[in-house]
Amino acid sequence: MINFITSICEYLNMASLIGNGHVSILALATRSVYEIHLKVRLLVRSEDELKRWMSEALTDKIQTLEGLLSLNTNRKMERERAHLRSEVDRLKNLADKYKRPEIKTPASAASMAADLGSTSEHKALFKMFSKLVHPSSYLINNYDNAAAQEMRAILQVHLQLYAWDALSRISGVFSVPKELMIVERRAVH
């Protein structure tokens, strides 16, 4: 769970540094913390979800290395490619040893939200996050409205809400005393 805390803090820091910079950075931070929030909610309620998450980490690393192996390079780089293939084999053997299934596709934010009974909230916000994160026609052709203060306020409020809720849930799992949570709460704002 420390990796979730670290990620949340990094996204909060990123959002705090942009000021009135490009709204897509704030949207990326908010959307990312939203997705972490969903994942944390699932993980704290089920051991099976935690096992799936661990399997997903192995699969992600394998797929990333396989992607690197598929790149065309100017040089053959056989020694480097052999090292990458060896690492892929090691990870696959590790997955087999611990009987971890290969997760071809991670759960989408929509499916996680549905599992958690948050479909309405997801529909209300995720489309907005996506339109602001990606170079959509809305973002590029209507930037003044896309980056309006009201939009930034919505993003900032939700960023804080999702961060606080995820951190509270993680703290609950590890029985962090409430006195320390007050310090964390001040740090988040």
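Just so we're clear, the structure is a prediction, and the values are computed from it rather than from any experiment.
A donor and an acceptor atom, one from each side chain of S111 and S108, are located under 3.5 Å apart. Side chains of N145 and N142: a donor on one and an acceptor on the other come within 3.5 Å. Side-chain atoms of H22 and S24 form a donor-acceptor pair, as typed in the model, at a separation below 3.5 Å.
Listed by first then second residue, pairs satisfying salt bridge (Lys or Arg N to Asp or Glu O under 4.0 Å) with a partner in residues 133-160 number zero, not counting sequence neighbours. Residues in residues 34-59 take part in these side chain to side chain donor-acceptor pair (under 3.5 Å) pairs, two or more places apart or across chains: R31-E35, Y34-H122, H37-D165, R41-S118. The stretch residues 113-123 participates, sequence neighbours left out, in no salt bridge (Lys or Arg N to Asp or Glu O under 4.0 Å) pair at all.
By the 4.5 Å heavy-atom criterion applied to side chains, E10 and M14 are not counted as neighbours. You'll find the side chain of Y162 stays beyond 4.5 Å of the side chain of L167, heavy atoms only. Counting only heavy atoms from C-beta outward, the side chains of L132 and Y138 approach each other to under 4.5 Å.
For the residue pair A146 and L139, the shortest heavy atom distance occurs at CB-CD1, 4.0 Å. Across all non-hydrogen atoms, the minimal contact from L159 to A15 is CD2-CB, 3.4 Å. Residues I8 and A166 share a closest heavy-atom pair of CD1-CB, 3.6 Å. Scanning both residues, I140 and P135, for their nearest heavy atoms gives CD1-O, 3.5 Å. Taking all atoms of both residues into account, the shortest heavy-atom contact from L116 to L38 is CD1-O, 3.6 Å.
Other cluster members for L161: V157, joined by side-chain heavy-atom distances under 4.5 Å among Ile, Leu, Val, Met, Phe, Trp and Tyr. By the 4.5 Å side-chain criterion applied to Ile, Leu, Val, Met, Phe, Trp and Tyr, M77 is assigned to no cluster and stands alone. Taking Ile, Leu, Val, Met, Phe, Trp and Tyr as hydrophobic and joining them when side-chain heavy atoms fall under 4.5 Å apart, one finds V88 in a cluster with L58, I62, L65, L68, L69, L71, L84, L91, L94, Y98.
Under a 3.5 Å cut-off, the side chain of S32 and the backbone N or O of A29 do not form any donor-acceptor pair. Checking side-chain atoms of Y143 against main-chain N and O of V23 turns up a donor-acceptor pair under 3.5 Å. Checking side-chain atoms of T30 against main-chain N and O of A27 turns up no donor-acceptor pair under 3.5 Å. When atom types are taken as modelled, the side chain of S130 and the backbone of F126 share a donor-acceptor pair closer than 3.5 angstrom.
Note that the CZ atom of F4 and the SG atom of C9 stand 13.5 Å from one another [nearest 0.5 Å]. In this structure, the separation between OG on S86 and CZ on R81 is 15.0 Å, given to the nearest 0.5 Å. Interatomic distance, L43 CG to I170 CD1, rounded to the nearest 0.5 Å: 9.0 Å.
For the salt bridge (Lys or Arg N to Asp or Glu O under 4.0 Å) criterion with K61, the lone passing option out of E87, E66, E102 is E87.
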Query raised in the report: R75 and E80: side chain to side chain contact (heavy atoms under 4.5 Å, CB included), yes or no, with the steps?
Result: CA-CA 11 Å; R75 300 184 344 233; E80 291 85 353; 4.1 Å; yes
Query raised in the report: When you look at L26 and M151, which way does the side chain to side chain contact (heavy atoms under 4.5 Å, CB included) test go after all the steps?
Result: CA-CA 10 Å; L26 177 57; M151 187 68 76; over 6 Å; no
Report task. For the pair L155 and F129, evaluate side chain to side chain contact (heavy atoms under 4.5 Å, CB included) and give the outcome as yes or no after the intermediate values. Result -> CA-CA 8 Å; L155 292 169; F129 297 157; 3.8 Å; yes
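The hydrophobic cluster containing I103 does not contain M54, counting ILVMFWY residues as joined when their side-chain heavy atoms lie under 4.5 angstrom apart, directly or transitively.
Sparse packing is recorded around OH of Y11, with 12 or fewer heavy atoms of other residues, nucleotides or ligands lying under 6.0 Å away.
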